[in-house]
Amino acid sequence: MAHHPRYWLMKSEPAAFSIDDLAAAPGRLTCWDGVRNYQARNYLREMKKGDLALFYHSNADPPAAVGIVEVVREAYPDHTAFDPTDHHYDPKSRPDRPTWFMVDVALVRKFPRPLPLDELRRQAGLRRMVLLRKGSRLSVQPVTPGEWAIILKLAGHEPA
DNA sequence: GCCAACGTTGGC
DNA sequence: GCCAACGTTGGC
């Protein structure tokens, strides 16, 4: 039996890396580096090939869900943590005992229009979404199948 | 730019 | 183990 895909949401600041940057990347693929939060790291490690994630623009005007990516490589050590010149360098992560991990994701599609945060907040069915919880700052977070269906419908796609 | 919420650090 | 100080996130 095939793996049942799970759904996620991954945040990126568009000034640092936007969905258009991903669309322009070779193979429309990127490694999702720089996650330095344990809970987000744990979610990264749960991800399986074929899982799907919302690409979310944080610190944006407006903050919005802007598309879908697919996990194409499961968690492996985040080498940027080993590089003292990297902004995300972390000396406690070592190649023989890595603390931080990343996955590779590929662009599935950019939504025809961004789905702004305030619009998501107005959906009754999304009230419990991790993204919308007060104080929630997780940069990698799970999305339920129900939430996924609502968001895809908002984006103009009928649920699969 | 402000600031609330959260996570981490480190003294004790 | 407590908790104050500090740094970061991210909406507004």
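Model, not experiment: these values are computed from the prediction. Order of the sequence lines fixes the chain letters, A, B, ..., with proteins taken first and strands second; residue numbering starts at 1 for each chain.
Remark: A:Y56 is in phosphate contact with C:dG11, judged by side-chain N or O atoms under 4.0 Å from OP1 or OP2. Remark: A:K134 is in phosphate contact with B:dA5, judged by side-chain N or O atoms under 4.0 Å from OP1 or OP2. Note on A:K11: every side-chain N or O is 4.0 Å or more away from OP1 and OP2 of C:dT9.
A centroid separation of 6.0 Å or more is found between the aromatic rings of A:F55 and A:W8.
Counting heavy-atom neighbours within 6.0 Å of A:R127 CZ, excluding the residue itself, gives a total of 12 or less. By the neighbour-count criterion of 12 heavy atoms within 6.0 Å, atom CG of A:D61 is sparsely surrounded, having that number or fewer from other residues, nucleotides or ligands.
Put simply, CD on A:Q141 is 15 Å from P on C:dT9, counting in whole angstrom units. C:dT9 atom P lies 7 Å from atom NE2 of A:H87, rounded to whole Å. Between A:L138 atom CG and C:dG10 atom P the separation is 9 Å, expressed in whole Å. In this structure, CD of A:E13 is placed 7 Å from P of C:dT9, rounded to the nearest angstrom. Rounded to whole Å, atom C1' of C:dG11 lies 16 Å from atom NE2 of A:H57. Between the CZ atom of A:R36 and the P atom of C:dG10 there is a distance of 15 Å, given to the nearest Å. When the P atom of C:dC12 is taken as reference, atom CG of A:D118 falls 8 Å away, rounded to whole Å. Counting to the nearest Å, the P atom of C:dT8 and the OH atom of A:Y38 are 16 Å from each other.
Nearest heavy atoms, A:L132 versus A:L120: CD1-O, 3.7 Å.
Each of A:G135 and A:N59 lies near DNA chain B, and the nucleotide nearest A:N59 is the one positioned closer to the 5' end.
Among C:dG11, B:dC6, C:dG10, the nucleotide with an atom closest to any side-chain atom of A:S139 is C:dG10. Closest approach to the A:R121 side chain among B:dT9, C:dC12, B:dG7 is made by C:dC12 (side chain taken as heavy atoms from C-beta onward).
For the residue pair A:S93 and A:R36, no side-chain donor N or O sits within less than 3.5 Å of a side-chain acceptor on the partner.
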